[in-house]
Protein chains: 2
Amino acid sequence: MKELPKISEAEWEVMKILWSRSPQTANEVIEALEGQMDWKPKTVRTLISRLLQKNAIAFQETGRTYLYYPLVSQDDYVQTETQSFLKRLYGGAVKPLLVHFLREQKLSSDEISELKRILDEKTEEGPDRDRRKDR
Amino acid sequence: MKELPKISEAEWEVMKILWSRSPQTANEVIEALEGQMDWKPKTVRTLISRLLQKNAIAFQETGRTYLYYPLVSQDDYVQTETQSFLKRLYGGAVKPLLVHFLREQKLSSDEISELKRILDEKTEEGPDRDRRKDR
DNA sequence: TTTATTAGACTACACGCGTAATCCAAAAAT
DNA sequence: ATTTTTGGATTACGCGTGTAGTCTAATAAA
């Protein structure tokens with residue numbers, strides 16, 4: 001039940017960098033974002049500061065510079081965000097979203113096969129398992 | 001390629017009311033939200049005004065009051081929002097999200113069956129169809 | 001050693017959003 | 001006819017966010 005700090009869209013970009021590798025200095029983060037985000041270095045530093053305030057990241061001091069690293073896991077985030085997104089747009093129901101995606105999106109045969117496999121697994125040992133051998 | 005106006009979270013609640021039935025007067029919308037959102041009537045009116053400015057809704061004048069109705073479809077919205085959400089959190093890849101959901105969420109046996117059926121359909125006539133009878 | 005650079009801290013500022021309150025003209029009530 | 005109510009328009013205000021710039025102390029360069 002950890003309280004995940006709210007991370008804005010711009011801040012998210014910084015987090016992705018730190019999730020992909022850490023710890024990193026501000027300059028490394030700035031460099032990593034270069035060309036992809038078109039932000040001034042100061043802008044990135046502001047985002048880093050805000051993430052610090054929010055306790056989304058922390059740092060180890062090494063001499064005059066800091067080495068930043070995430071305090072929250074990307075997985076936790078994706079999980080939480082997905083949950084609220086789902087609630088907002090689909091009223092919390094997973095199935096409509098899945099149906100939507102399965103229908104609309106282009107999936108390769110391989111992907112379809114994999115999804116089927118996963119569904120099969122769930123049929124085997126899901127929590128909603130009906131104890132009969134259905135099918 | 002229509003430019004969908006950005007709708008905030010609070011505004012979304014108003015939109016849902018109007019999508020569910022329209023046209024409606026401000027008071028009807030206010031009433032519909034009552035008990036569920038705990039907003040002062042003025043707050044709802046503000047949201048309505050902002051949606052007007054954004055051209056997300058419009059109205060027909062009838063005497064002294066207005067009858068509001070949506071200018072954008074919920075489907076378009078869900079579609080667009082889902083797309084950007086997907087991009088933000090899953091790097092645009094649908095499969096990871098689907099896998100995530102299929103794994104984490106509790107789906108009933110019935111739902112699982114339905115999803116399988118949909119996948120089967122896709123196997124039959126998908127655009128990526130590999131012409132072999134993959135078993 | 002004096003000067004220039006740089007990292008991080010602090011400050012800035014406009015816009016969107018949540019959350020209303022005030023103002024005004026018209027309609028309804030008295 | 002005068003007063004009250006009410007719908008819509010306008011205004012308010014603090015917080016988060018995007019997007020930086022300035023200030024300061026310390027380090028690096030000259």
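As the structure is a prediction and not an experimental result, all values here were calculated from the model. Chain naming here is simple, since letters A, B, ... match the order of the sequence lines and numbering starts at 1 in each.
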**OP:** Calculate the interatomic distance between A/Y66 atom OH and D/dA25 atom C1'; express it in whole Å.
**Re:** 12 Å

Subject >> Distance below 4.0 Å between B/K40 side-chain N/O and C/dA20 OP1 or OP2 >> reply: yes

**OP:** Please state whether the base of C/dT22 and the side chain of B/K42 form at least one donor-acceptor pair under 3.5 Å?
**Re:** yes

**OP:** Please tell me if the side chains of B/L97 and B/F85 come closer than 4.5 Å, counting only heavy atoms from C-beta onward.
**Re:** yes

Original post:
Separation of B/Q53 atom CD from D/dT11 atom P, in whole Å?
Top reply: 12 Å

Original post:
Minimum heavy-atom separation for B/E28 to B/P23, with atom names?
Top reply: OE1-O, 4.4 Å

Original post:
What does A/T43 touch in the nucleic acid at a heavy-atom separation under 4.0 angstrom: a base, only the sugar-phosphate, or nothing?
Top reply: base

Original post:
Given D/dG18, is OP1 or OP2 found less than 4.0 Å from the side-chain N or O atoms of A/S8?
Top reply: yes

**OP:** Return yes if the base of C/dG18 and the side-chain atoms of B/R50 contain a donor-acceptor N/O pair under 3.5 Å, otherwise no.
**Re:** yes

**OP:** Return the minimal non-hydrogen interatomic distance between B/V78 and A/L89, and the atom names on each side.
**Re:** CA-CD2, 3.6 Å

Subject >> Length of the CD1-C1' vector between B/I48 and C/dG18, whole Å >> reply: 15 Å

Subject >> Separation of D/dG7 P from B/E31 CD (nearest whole Å) >> reply: 12 Å

Original post:
Taking for each residue the nucleotide of DNA chain D bearing the nearest heavy atom, is the 5' side occupied by A/W39 or by B/A26?
Top reply: B/A26

Original post:
Whole Å only: how far is the CD atom of B/E9 from the P atom of D/dT17?
Top reply: 13 Å

Original post:
Closest to the A/E11 side chain: D/dT17, C/dC17, C/dA7?
Top reply: D/dT17

Subject >> Heavy-atom closest contact (B/Y68 atom, B/S22 atom, distance) >> reply: O-CB, 4.0 Å

Original post:
Looking at the side chain of A/R64, which of C/dG8, C/dA20, D/dT27 is the nearest nucleotide?
Top reply: D/dT27

Original post:
Is A/K95 salt-bridged to B/E114, cutoff N-O under 4.0 Å?
Top reply: yes

Original post:
B/E61 CD to C/dA26 P: how many Å, rounded?
Top reply: 12 Å

**OP:** Calculate the interatomic distance between A/R45 atom CZ and C/dT6 atom P; express it in whole Å.
**Re:** 11 Å

Original post:
Has the side chain of A/T46 got a donor or acceptor that lies under 3.5 Å from a partner of the other kind on the base of D/dA20?
Top reply: yes

Original post:
Rounded to the Å, how far apart are A/D38 CG and D/dT19 P?
Top reply: 9 Å

